[in-house]
Structures are given as C-alpha cells and as structure tokens.
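A short write-up of the structure that comes next.
The residues of the chain are indexed from 1 along the displayed sequence.
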Amino acid sequence: MIPHEVISATVDGATPARAWREYLQLTQAEVAQRLRISQPSYARQESSGRLRPQTLSELGAGMGILPEQLDF
C-alpha cells in the first residue's frame, strides 16, 4: 500500500524515493548511511526517475519498505 501523502508528493513533482523519504521523516544523510553510500550518491539516486531493480531493492531495504512501493 502507498500512503496518500506519498502519492500526492509525486503528483507535485517529487520522485517516489523522495516522497517516501520525506513521508518517513528521514534525511538524505540518514538513508545514505543506512545504504552505506555517500549523501551525494544517494541524492543522485533519489532524483533519478528511472532506477534499476537492484537499486529499488536497496533503497526499499534502506527505508524499510518494499521495492514495489518505490516503482509506481
């Protein structure tokens, strides 16, 4: 399930990764630390509209959500 707030943020122009991160009240630095990558690397992934399945899996795990919830 995808919360209304996440859908609404994407309608307003956020990528699903950004919308979820903000919904979960996480900073880019916090997610990057969970993924063991730098904050700038995470920022590039978050701003990408097209992520590979492996990247979706990693981001989902880092945020505690399913990869499918990032792919809409």
Tell me whether Gln69 at atom CD has more than 12 heavy atoms from other residues, nucleotides or ligands lying less than 6.0 Å away. yes
Can Gln45 and Ile37 be said to form a side chain to side chain contact (heavy atoms under 4.5 Å, CB included), step by step? CA-CA 11 Å; Gln45 291 178 356; Ile37 61 175; 3.9 Å; yes
Checking the side chain of [X] only, and the main-chain atoms of [Y] only, is there a donor and an acceptor separated by less than 3.5 Å?
X	Y	value
Gln28	Pro40	no
Ser8	His4	no
Arg18	Glu46	no

What residues, two or more places apart in sequence or in another chain, satisfy salt bridge (charged side-chain N to carboxylate O under 4.0 Å, His left out) together with Glu68? none
Return the set of residues passing salt bridge (charged side-chain N to carboxylate O under 4.0 Å, His left out) with Glu58 (not counting sequence neighbours), or none when no residue passes. none
Between Arg21 and Tyr42, is the side chain to side chain contact (heavy atoms under 4.5 Å, CB included) condition met? List the steps. CA-CA 11 Å; Arg21 179 183 57 77; Tyr42 173 74; 3.9 Å; yes
Between [atom1] on residue [X] and [atom2] on residue [Y], distance to nearest 0.5 Å:
X	Y	atom1	atom2	result
Ile2	Asp71	CD1	CG	9.0 Å
Ile65	Met1	CD1	CE	13.5 Å
Leu35	Thr55	CG	OG1	10.0 Å

Under the criterion side-chain contact (heavy atoms from CB on, under 4.5 Å), which of Leu59, Leu70, Val31 is the partner of Trp20? Leu70
Side-chain heavy atoms under 4.5 angstrom apart, residues restricted to Ile, Leu, Val, Met, Phe, Trp, Tyr: same cluster for Leu26 and Leu66? no
Side chains of Thr15 and Thr10: does their closest heavy-atom pair fall under 4.5 Å? no
Within the 4.5 Å heavy-atom criterion, are Glu22 and Val6 side-chain neighbours or not? no
Closest approach of Ala19 and Ala9, non-hydrogen atoms and distance? CB-CB, 3.7 Å
If you measure only the distance, is there a donor-acceptor pair under 3.5 Å linking the side chains of Arg44 and Ser41? yes
salt_bridge(Arg34, Glu30) N-O dist < 4.0 Å: no
